[in-house]
Each structure stands twice: as C-alpha cells, then as structure tokens.
Amino acid sequence: MLRTHTCGELNKDHIGQTVTLSGWVDRVRDHGGGKFIDLRDRYGKTQVVIDPDSPQSAMDNVQPVRNEYVIQVIGKVIQRPAGQDNPKISTGEIELHVQELQVLNVCKTPPFVPNQKDLPNEDLRLKHRYLDLRRQPMQDTLVLRSKIIKAMRDYSEANDFIDVETPILGRSTPEGARDYLVPSRVHNGSFYALPQSPQIYKQIMMIAGYDRYVQVARCFRDEDLRADRQPEFTQLDMEMSFVDSDDVIGMIDGMMQKLAKDILNIDLPLPLPRMTWDEAMTRFGHDAPDLRFGVEIVDLTDIAAKTEFRVFRSVADAGNHVRGICAPNGQSKFSRRGIDELTKMVQEDFGAKGLAWFRVEDDGKLNSTIAKNFTAEELAEIASRMGANPGDLIMIIADTWEVSCKALYGLRKRIGAELELFDPQEMNFSWVTEFPMFEHDAEADRWIAMHHPFTAPLVEDLGHLDTDPGKARAQAYDLVINGYEAGGGTIRIHDNKVQQKVFGLLGLDAEAAQERFGFLLDALQYGAPPHGGIALGIDRVVMLFNNLENIRDCIAFPKTQKATDLMMEAPNLVETLQLKELGIEVLGKDEDE
RNA sequence: GGCGCUGUAGCUCAAUUGGUUAGAGUACCGGACUGUCGAUCCGGUGGUUGCGGGUUCGAGUCCCGUCAGCGUCGCCA
C-alpha cells in the first residue's frame with residue numbers, strides 16, 4: 001500500500017499508530033543530526049522527522065532528497081515535544097517519526113516551487129502548469145470550482161432539469177463571434193465549427209419536449225482575450241419550456257441563493273434586484289453595473305445648455321449629453337497629474353473629446369481651470385445636483401450618449417477601485433432586463449441583434465418591429481455580479497412569423513435565413529413550445545466567488561492572451577500529409593494581403 | 001489591428017537615470033549544526049541584461065525594429 005493516510009489528516013488521535021504517507025517534499029530542514037521534511041499532498045502537510053533513532057537505511061535514502069521529490073515514508077505518529085506545535089498546519093500537533101523512507105520519484109530542480117513567496121511570471125507558471133497547480137491557492141480554486149459546479153448540478157436536478165450533451169462539432173453560423181473551424185477529411189473543403197454556445201441545440205431540445213435542459217457546456221469563440229475572457233470557456237447552459245422571463249430569473253435567483261449559502265455561507269435575500277437596461281445605462285453608463293458602490297451618473301445637459309461655456313453649450317445644442325460623476329474625496333487620490341491620466345484614458349480608450357473637472361473646495365465652491373466660464377449660480381447648481389462635498393472631484397463628459405456612457409463607466413470603475421469605495425469581500429447580485437432587440441450598425445447601416453436573432457421581443461413592443469425597431473425591447477435578462485456579466489439569457493421566439501420578421505430586420509431574406517438556420521426554422525414549425533433559458537459563465541462565477549481578478553486562475557489549463565497554450569505549445573504546425581488529407585494548403589502570412 | 005506596462009542569474013528583484021569588473025535575496029553545489037517549521041551559520045557555482053539593428057569614446061539604461069507575457073480599446077450575436 002502506497003499510503004494509509006493523506007498528509008492532511010493525522011492528528012493527536014493517531015498517536016502511536018504506524019502509518020504510511022506518500023507525497024511531495026515541500027521543504028527539507030537539515031540539522032545535521034536529523035532532518036525535518038514537510039511532506040505535502042493536496043490535503044495538507046505533515047512534518048516527517050528523521051533522526052539518529054531512525055534506521056540507517058532511511059538516513060541513506062533521505063540523503064539525496066530535495067524539493068518536490070516524491071517520497072513514501074512509513075513511521076510512527078508521535079506527539080511533538082512540548083512547545084514545538086505548529087498551529088499553522090492542521091497536523092501541527094503531531095509528527096511522523098520515520099522507520100522507512102523510499103524515494104518514489106526524483107524531481108529536477110524546479111523553476112519555481114509551490115510554497116514560493118513571490119509568484120513567478122505568468123508565462124513561467126503556464127509553461128510549468130503542473131507545478132503551478134501544486135500551489136495551494138490554485139488547488140483551493142479548483143476545489144471551489146468543483147463545488148460550485150456540483151451545487152449547480154444538484155440544484156438543476158432537484159428542479160427536474162435533464163443533463164444533455166450536445167455536439168462539439170457543429171455548423172458554422174457567421175452571425176456573432178468568429179468560429180473555430182475544424183476541417184472535414186471526409187468532405188474536403190467543408191468545415192465543422194466548434195459551438196459558440198449550444199444555443200440552437202437546446203432550443204431543439206425544447207421542441208423535442210425535454211422541457212428542462214441543463215448542460216455544463218464548453219464554448220468556443222475565436223475573439224481576442226481579456227482578463228475575464230478566454231477563447232474556450234465553460235457555461236452552465238439551461239433552457240426551459242412554458243416559461244416567461246420571470247420564471248427563468250426566479251429559477252436562477254434560487255440557484256444563486258443556494259450557491260451563496262453553500263459556497264460562501266451568505267444568506268441572499270430574494271428576489272434579486274432588477275433594473276432595466278435603460279436605467280442601467282442612464283445611472284451607470286453600462287449594462288453590467290457594479291452596485292457595490294454609488295457614484296451614479298448625473299445629467300447636467302440642461303445646465304450646460306444655458307452656460308457661456310462653449311464646449312458644454314455646443315454639445316447640449318447638438319442634442320448630445322453633458323453628464324458627470326462625483327468622486328467622493330477624489331482629490332485625495334487624483335492630483336492634477338492623476339486627472340491628466342484620467343483624461344488620457346477617456347480620450348484614448350473611449351473616444352471622448354476631453355474631461356471637464358471641478359475640485360470641490362473647503363467652502364463647497366467649485367474650482368477648476370474652466371470655472372471662469374461659469375457663473376457662481378451655475379457652479380452652485382452643478383455642485384448641488386452632484387451632491388458634492390469638500391474634497392470631492394467632479395468629472396464631466398460632454399459628448400454623444402454612447403461616448404458619455406462608456407467614458408463615465410470607465411471613470412466610475414476606476415475611481416471605485418482606486419478610492420476603495422466598496423468592500424472587496426462584498427457580493428452583489430442583480431439583474432439587468434429589457435435590453436434593446438437591436439443595435440444599429442452605423443457603418444453598414446443595418447440592424448444587428450443585440451443578443452441573438454432568436455430573441456423574443458417584449459409583447460408590448462411587437463409593434464415597434466414594423467415602425468421603429470430601435471425602440472423594440474427584448475425579453476432578455478443578464479445576471480450581474482459585482483459589475484461583471486455572470487450570465488445572460490432570453491425568452492426565444494417560438495412563432496415562425498415573428499422569427500421571419502426579425503430575420504428580415506437583420507437583413508436576412510427568407511432564402512438566406514433558410515440557408516443558415518433552416519433546421520431551426522423547420523423545427524419551429526413542428527409544435528415549438530414557448531421557451532427560454534440562460535447561460536451562466538462558470539469560469540466567471542468561480543472568479544467572482546473566489547474574489548479573483550483574472551479568469552485564468554479559475555481554469556486548470558488556460559490560454560494566453562494570444563490564445564496559445566504555453567505548456568502544450570498549441571496551436572502548432574502540422575504535417576503536410578495531414579493537411580493534404582484535409583485538402584488544405586496553408587498560405588504564408590503575407591500572401592493574403 | 002491600436003494604445004500602454006513588463007522582459008537583467010533557475011526564480012523574485014536592484015543597478016545612484018549613459019560611466020570601473022552588472023549586485024542582493026532565494027534556489028542550486030560543498031561544509032557545519034540534535035527541535036526546526038521561510039531553520040541557522042560558513043564557503044562556492046551561476047549573466048550573450050528576450051532577440052536584431054542603430055546612436056555614442058562608452059548602452060542593462062537612449063532610438064528603431066522584432067518576439068513573448070500582461071492590461072486595455074476595437075472585437076466578444
């Protein structure tokens with residue numbers, strides 16, 4: 001037997017027993033006469049002692065042992081000498097006195113060790129992921145991830161959801177994100193696409209009568225990465241029949257309550273708060289606002305319209321918006337140079353023309369390089385509407401609605417973090433609902449589905465489809481946790497006529513729609529029940545529940561920003577013969593431009 | 001594709017802002033040590049400063065290009 005116990009479970013109750021442990025050498029402390037070894041596995045650490053009372057064979061075998069060697073020790077559990085307990089580890093009251101020690105495997109000098117104080121650079125961690133995954137924080141995260149997924153599955157099963165696997169090899173649908181394509185050998189020149197989500201399959205499952213479907217589904221999108229976005233990610237994909245938005249939201253409310261209780265021991269009051277997309281954009285400039293702190297956007301357009309300040313007035317006159325936020329005690333963190341930096345950010349990242357700002361002085365008056373353009377009354381009105389207090393920093397964006405939303409969202413996010421306006425331990429759950437059906441693509445002068453083309457409009461907005469599609473709102477809902485979109489879903493169109501109309505608005509005529517989604521359109525005509533669903537980003541939920549800042553730390557084998565796997569070195573070039581079988585020839589990078 | 005940050009010993013970092021032979025901690029190697037738990041003490045090995053070019057009497061430091069990692073905008077139905 002290679003082990004009788006793990007390295008985390010021995011305690012005073014085991015004193016006197018002879019046990020066998022196997023694990024990795026976390027550290028060796030050599031005292032000449034004897035050695036202490038911290039033996040580690042994923043359950044914990046146990047101190048192993050070799051001293052002159054141990055057999056000579058054990059002394060010989062331990063001689064070459066170094067960090068991360070895999071060893072097996074047989075020994076007696078003994079109480080530590082008085083005053084030698086280590087309260088930092090669960091096994092700290094005992095130690096193992098070695099009778100026999102075997103090296104099960106050696107280890108090259110590792111580039112880094114799991115208990116290292118300073119984390120190595122991320123590329124090194126990714127290259128030697130097997131070492132990185134030995135680190136306690138990574139193990140904790142993967143255990144948490146496993147628990148979260150189990151809780152989700154338990155909840156789903158308790159609510160009669162059926163777990164169904166859908167294909168990984170599917171059909172390319174050029175709407176939306178770029179597809180990862182897989183060439184077909186049997187059908188040279190044709191390609192499968194990896195699923196961006198099992199969207200259509202789960203709708204078909206509803207039509208097939210499996211009224212509650214769930215899947216822990218891997219999804220693939222060939223788009224550029226972010227701290228919270230991987231090209232390959234996992235979502236909890238769900239779909240329900242005979243439901244409206246409230247039913248789906250209620251179902252997820254219950255799941256979040258269970259997760260919060262099971263994982264974080266937080267009692268989450270239900271229902272989770274909701275706000276419409278319009279409200280979110282007006283108050284926070286974003287469709288996934290972080291509600292852990294205030295600092296809401298204040299509209300100043302009417303004041304701007306009557307000032308002598310040309311920058312403001314011209315924006316107001318043009319029908320655009322002058323809006324701002326007030327950073328509480330913002331002057332403490334943002335000097336003139338800090339403000340310059342924020343200005344650069346709104347200009348370069350969000351396309352704003354500039355950033356107007358005021359310092360709130362001790363007497364409550366506003367001071368700024370632009371203050372001379374305003375009357376005292378106007379300044380007082382701005383200060384009052386902003387709810388400004390001495391020490392605050394008021395930031396104002398005068399621009400189009402879209403730019404002001406983006407820039408103020410960016411500013412709010414940044415000052416929230418830098419001024420520490422919220423407790424990072426706090427968890428905030430909410431819903432954003434009634435998203436617009438369509439966004440207008442100015443360049444192509446056409447409508448684009450905001451969610452996806454199978455999203456049902458609000459019943460009362462059906463008329464807008466004919467008259468003013470931009471006004472039509474969708475039966476859509478996003479779950480927002482701490483300012484991140486943790487999931488999103490919609491009620492789907494189950495009426496073929498409505499579906500055709502939406503396709504029409506998206507510039508797909510009947511023929512094109514049939515060509516791309518014919519199977520779904522056909523299926524919808526064979527008794528499709530009203531249905532809808534949601535997909536939760538599991539990686540993101542893990543990230544948020546574990547208070548982590550990037551999604552790579554929640555995934556065992558993540559990709560880099562350039563979508564490569566540094567450990568396996570994927571993607572890689574393949575043999576010409578492989579390509580030939582697939583009927584594929586690779587053009588040099590420069591040849592296509 | 002744009003913008004930004006980073007790249008110096010196996011690892012984490014420093015190098016007085018262009019000036020002598022590029023340092024420290026840790027790891028590694030050798031030695032000492034019977035109670036440590038980030039053990040301690042003594043000694044030692046270890047560097048094409050990511051790569052390529054340029055400016056200069058002189059480049060880790062400045063410039064151009066390039067590669068890689070990260071952040072962000074575009075993008076992500």
Side-chain angles (χ1 to χ4, degrees), chain A residues 26-39 45-54 64 66-68 78 80-89 91-92 95 97 108-113 115-128 131 173-179 196-197 199-200 219-231 233 341 344-352 406-407 410 413-414 435 437-439 441 443 447-455 474 476 485 488 490 502 506 508 516-517 537 549-550 552 559-562 564 566 593:
Chain A
D26 199 61
R27 201 178 286 276
V28 182
R29 289 179 294 279
D30 187 348
H31 285 253
K35 284 189 184 188
F36 299 96
I37 294 175
D38 292 335
L39 193 63
K45 293 179 193 173
T46 302
Q47 174 161 281
V48 167
V49 187
I50 298 138
D51 63 19
D53 294 336
S54 302
R66 295 292 181 275
N67 281 342
E68 299 307 308
I78 58 173
R80 292 194 180 198
Q84 298 294 337
D85 287 0
N86 182 355
K88 287 187 212 160
I89 56 176
T91 62
E95 59 193 11
H97 188 258
K108 287 166 63 173
T109 300
F112 62 94
V113 288
N115 62 18
Q116 187 166 313
K117 191 180 62 178
D118 296 312
L119 221 52
N121 280 329
E122 192 157 5
D123 48 352
L124 198 73
R125 291 174 53 203
L126 292 172
K127 184 170 182 208
H128 303 276
L131 296 179
T173 53
E175 294 274 328
R178 292 184 184 87
D179 285 320
Q196 295 178 27
S197 90
Q199 179 61 36
I200 292 173
C219 305
F220 306 86
R221 292 178 191 175
D222 187 7
E223 297 293 344
D224 286 349
L225 286 75
R226 288 288 186 282
D228 62 349
R229 204 198 294 166
Q230 282 273 304
F233 60 99
E341 217 176 282
K344 206 175 143 196
M345 177 184 80
V346 296
Q347 289 173 330
E348 292 181 359
D349 286 357
F350 304 109
K406 284 183 179 177
K413 190 172 169 176
R414 179 137 173 205
F435 283 67
M437 281 288 286
F438 307 104
E439 283 174 293
D441 180 353
E443 234 171 82
W447 296 103
I448 301 174
M450 194 144 176
H451 198 79
H452 60 61
F454 317 114
T455 299
E485 179 195 334
T490 63
V502 169
L506 294 172
L508 286 170
R516 286 190 196 173
F517 307 112
E549 279 176 0
N550 92 60
R552 295 181 300 280
K559 302 278 192 289
T560 68
Q561 200 172 71
K562 292 217 170 114
T564 62
L566 292 180
E593 300 265 327

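FYI, side chains are in, hydrogens and waters are out, and symmetry mates aren't considered; it's all heavy atoms of this structure. Every chain is numbered from 1 and lettered A, B, ... according to where its sequence line falls, protein lines coming before strand lines.
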Enquirer: Judged by modelled atom types alone, do Asn86(A) and Gln47(A) share a side-chain donor-acceptor pair under 3.5 Å?
Expert: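 Gln47(A) and Asn86(A) do not have a side-chain donor-acceptor pair below 3.5 Å.
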
Enquirer: Below 4.0 angstrom from OP1 or OP2 of C70(B), is there any side-chain N or O of Asn121(A)?
Expert: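 For C70(B), OP1/OP2 do not have a side-chain N/O of Asn121(A) under 4.0 Å.
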
Enquirer: Looking for any heavy atom pair under 4.0 Å, which part of the strands does Asp222(A) touch: base, sugar-phosphate only, or nothing?
Expert: nothing

Enquirer: Counting just side-chain N and O atoms, does Lys562(A) come under 4.0 Å of either OP1 or OP2 of A68(B)?
Expert: yes

Enquirer: Arg66(A) has a side chain; which of G38(B), G71(B), C29(B) sits nearest to it?
Expert: C29(B)

Enquirer: Look at the side chain of Arg29(A) and the base of G38(B), then say whether one donor and one acceptor between them are separated by less than 3.5 Å.
Expert: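 Between G38(B) and Arg29(A), which were checked side chain against base, a qualifying N/O pair under 3.5 Å is absent.
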
Enquirer: Distance check, C1' atoms only: C70(B) and G53(B), in whole angstrom units.
Expert: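 The same atom, C1', in both gives a distance of 27 Å.
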
Enquirer: Is it the case that C70(B) (base atoms only) and Arg552(A) (side chain only) share a donor and an acceptor within less than 3.5 Å, ignoring hydrogens and angles?
Expert: no

Enquirer: Quick check: does any side chain N or O of Glu348(A) sit under 3.5 Å from a backbone N or O of Met345(A), one acting as donor and the other as acceptor?
Expert: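 Pair absent, no side-chain N/O of Glu348(A) close to backbone of Met345(A).
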
Enquirer: Expressed as a whole number of Å, how far does the C1' atom of U45(B) sit from that of U6(B)?
Expert: 29 Å

Enquirer: Scan Met450(A) against the nucleic acid and name what it touches under 4.0 Å (heavy atoms): base, sugar-phosphate only, or nothing.
Expert: sugar-phosphate

Enquirer: Can you see if the side chain of Arg226(A) gets near the phosphate of C73(B) - specifically, an N or O under 4.0 Å from OP1 or OP2?
Expert: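 For C73(B), OP1 or OP2 has a side-chain N or O of Arg226(A) closer than 4.0 Å.
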
Enquirer: Quantified in whole Å, what is the P atom distance between nucleotide A15(B) and nucleotide C62(B)?
Expert: 12 Å

Enquirer: Sticking with atom P, work out how far A9(B) lies from U72(B), rounded to a whole angstrom.
Expert: 27 Å

Enquirer: Under 4.0 Å, heavy atoms only, any strand: does Gln47(A) hit a base, just the sugar-phosphate, or nothing?
Expert: base

Enquirer: Backbone N or O of Thr173(A) within a donor-acceptor pair of the Asp179(A) side chain at under 3.5 Å?
Expert: yes

Enquirer: Measuring only the C1' atom in each nucleotide, how far is C3(B) from G74(B)? A whole number of Å is fine.
Expert: 11 Å

Enquirer: Give a yes or no on whether the backbone of Asp26(A) and the side-chain of Glu68(A) come within a donor-acceptor separation of less than 3.5 Å.
Expert: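 Side chain of Glu68(A) to backbone of Asp26(A): no pair is present.
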
Enquirer: I want to verify a distance call: between C76(B), C11(B), G71(B), whose nearest atom is closest to the Arg221(A) side chain?
Expert: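 The closest nucleotide is C76(B).
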
Enquirer: Please give, in whole Å, the distance from U12(B) C1' to Asn115(A) CG?
Expert: 14 Å

Enquirer: Rounded to whole Å, how long is the line connecting atom CD of Gln84(A) with atom C1' of U36(B)?
Expert: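 In whole Å, U36(B) C1' and Gln84(A) CD are 7 Å from each other.
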
Enquirer: Check the distance between G2(B)'s P and Asp349(A)'s CG and give it to me in whole angstrom.
Expert: 15 Å

Enquirer: Taking pairing as Watson-Crick or G-U wobble with both contacts under 3.5 Å, can you name the mate of C62(B), or confirm there isn't one?
Expert: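 In the structure as shown, C62(B) has G54(B) as its Watson-Crick or wobble partner.
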
Enquirer: What distance, rounded to whole Å, do you find between the two C1' atoms, one in U61(B) and one in G46(B)?
Expert: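 Comparing C1' positions in U61(B) and G46(B) gives a spacing of 24 Å.
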
Enquirer: I need the CG-P distance between Asp224(A) and C75(B), as an integer number of Å.
Expert: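 Checked: the CG to P distance equals 11 Å.
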
Enquirer: Round to the nearest Å and state the distance from Gln561(A) atom CD to G2(B) atom P.
Expert: 14 Å

Enquirer: Pick the C1' atom in U36(B) and in C41(B), then give their distance to the nearest Å.
Expert: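 Taking atom C1' in both U36(B) and C41(B), they lie 15 Å apart.
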
Enquirer: For U72(B), does the base pair up with any side-chain atom of Glu348(A) as donor and acceptor (N or O, under 3.5 Å, distance only)?
Expert: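 Checked by distance alone, the answer is no.
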
Enquirer: Base, sugar-phosphate, or nothing: which does Gln196(A) touch, judged by heavy atoms less than 4.0 Å apart?
Expert: nothing

Enquirer: For the pair made of CD in Glu341(A) and C1' in C5(B), what is the distance, rounded to whole Å?
Expert: 12 Å

Enquirer: So which nucleotide does A32(B) pair with, by the Watson-Crick or G-U wobble rule with both distances under 3.5 Å?
Expert: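 The base-pairing partner of A32(B), which may sit in any strand shown, is U40(B).
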
Enquirer: Looking at Arg178(A), I'd like to know if its CZ atom is crowded, meaning that more than 12 non-hydrogen atoms belonging to other residues, nucleotides or ligands lie closer than 6.0 Å.
Expert: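 Counting neighbours around CZ of Arg178(A), 12 or fewer heavy atoms of other residues, nucleotides or ligands fall under 6.0 Å, so no.
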
Enquirer: Roughly, in whole Å, what's the span from CD in Gln230(A) to C1' in G69(B)?
Expert: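 Rounded to whole Å, this separation is 14 Å.
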
Enquirer: According to a strict under-4.0 Å criterion, is Arg80(A) in side-chain N/O contact with OP1 or OP2 of U36(B)?
Expert: no

Enquirer: What is the distance, rounded to the nearest whole Å, between atom CD of Glu223(A) and atom P of C75(B)?
Expert: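 Whole-Å distance recorded here is 10 Å.
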
Enquirer: So what's U21(B) paired with, Watson-Crick or G-U wobble, going by both distances under 3.5 Å?
Expert: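 Its partner: none found.
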
Enquirer: Would you call U17(B) syn or anti, using the 90° rule around 0?
Expert: syn

Enquirer: Does the Asn121(A) side chain pair with the main chain of Asp123(A), one donor and one acceptor, at a distance under 3.5 Å?
Expert: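 The answer is no, because no donor-acceptor pair under 3.5 Å joins these two groups.
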
Enquirer: Would you check if the side chain of Thr564(A) reaches a backbone N or O of Leu566(A) as a donor-acceptor pair within less than 3.5 Å?
Expert: no

Enquirer: Checking the side chain of His31(A) only, and the main-chain atoms of Gly33(A) only, is there a donor and an acceptor separated by less than 3.5 Å?
Expert: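 Not confirmed, His31(A) side chain does not pair with Gly33(A) backbone.
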
Enquirer: Over all strands shown, is Pro453(A) touching base, sugar-phosphate only, or nothing at heavy-atom distances under 4.0 angstrom?
Expert: base

Enquirer: When you match Gly176(A) and His97(A) each to their closest nucleotide on RNA chain B, which lands nearer the 5' end?
Expert: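 That would be His97(A).
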
Enquirer: For Asp85(A), answer base if it contacts any base atom (sugar-phosphate contacts may also be present), sugar-phosphate if it contacts only those atoms, and nothing otherwise; contact means non-hydrogen atoms under 4.0 Å.
Expert: base

Enquirer: Could you check whether Ser197(A) gets within reach of a base, just the sugar-phosphate, or nothing at all, counting any heavy atom under 4.0 Å?
Expert: base

Enquirer: Would you say the base of G35(B) and the side-chain of Glu95(A) have a donor-acceptor pair closer than 3.5 Å?
Expert: yes

Enquirer: Strictly below 4.0 Å: does Lys127(A) bring a side-chain N or O up to OP1 or OP2 of G69(B)?
Expert: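 So the side chain of Lys127(A) is outside the cut-off, no N or O lying under 4.0 Å from OP1 or OP2 of G69(B).
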
Enquirer: Quick check for you: to the nearest 0.5 Å, what is the distance between Leu131(A) atom CG and Gln116(A) atom CD?
Expert: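 Leu131(A) atom CG to Gln116(A) atom CD measures 10.0 Å (nearest 0.5 Å).
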
Enquirer: Identify whether any heavy atom of Leu124(A) sits under 4.0 Å from a base atom; if not, whether one sits that close to sugar-phosphate; answer base, sugar-phosphate or nothing.
Expert: sugar-phosphate

Enquirer: Going by modelled atom types, is there a donor-acceptor pair between the base of C76(B) and the side chain of Arg229(A) at under 3.5 Å?
Expert: yes

Enquirer: Between C11(B) and Phe112(A), is there a base-stacking contact, meaning the centre of the base's six-membered ring lies under 5.5 Å from the residue's ring centre while the planes stay under 30° apart?
Expert: no

Enquirer: Which is true for Lys45(A) with a 4.0 Å heavy-atom rule: it touches a base, it touches only sugar-phosphate, or it touches nothing?
Expert: nothing

Enquirer: C1' atom, C13(B) versus A27(B): distance in rounded Å?
Expert: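 It comes out at 14 Å once rounded to the nearest Å.
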
Enquirer: For G71(B), which nucleotide in any strand shown is its Watson-Crick or wobble partner with both distances under 3.5 Å?
Expert: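 Looking at the geometry, G71(B) pairs with C3(B).
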
Enquirer: Determine whether Val28(A) and Arg66(A) make a side-chain contact, defined as any pair of heavy atoms from C-beta on separated by less than 4.5 Å.
Expert: no

Enquirer: So what does Pro111(A) hit on the nucleic acid, given a heavy-atom distance under 4.0 Å: a base, only sugar-phosphate, or nothing?
Expert: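 The residue Pro111(A) makes sugar-phosphate contact but no base contact.
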
Enquirer: Classify the nucleic acid contact of Thr564(A) as base, sugar-phosphate or nothing, counting any heavy atom under 4.0 Å across all strands shown.
Expert: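 Here Thr564(A) touches the backbone only, sparing every base.
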
Enquirer: Does a side-chain N or O from Thr109(A) land closer than 4.0 Å to OP1 or OP2 of C29(B), or not?
Expert: no

Enquirer: With nearest nucleotide decided by heavy atoms, which residue, Leu119(A) or Gly32(A), maps closer to the 5′ end of RNA chain B?
Expert: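 Checking each residue's closest nucleotide, the 5'-ward one belongs to Leu119(A).
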
Enquirer: Under a 3.5 Å cut-off for both distances, is U8(B) Watson-Crick or wobble paired, and to whom?
Expert: none

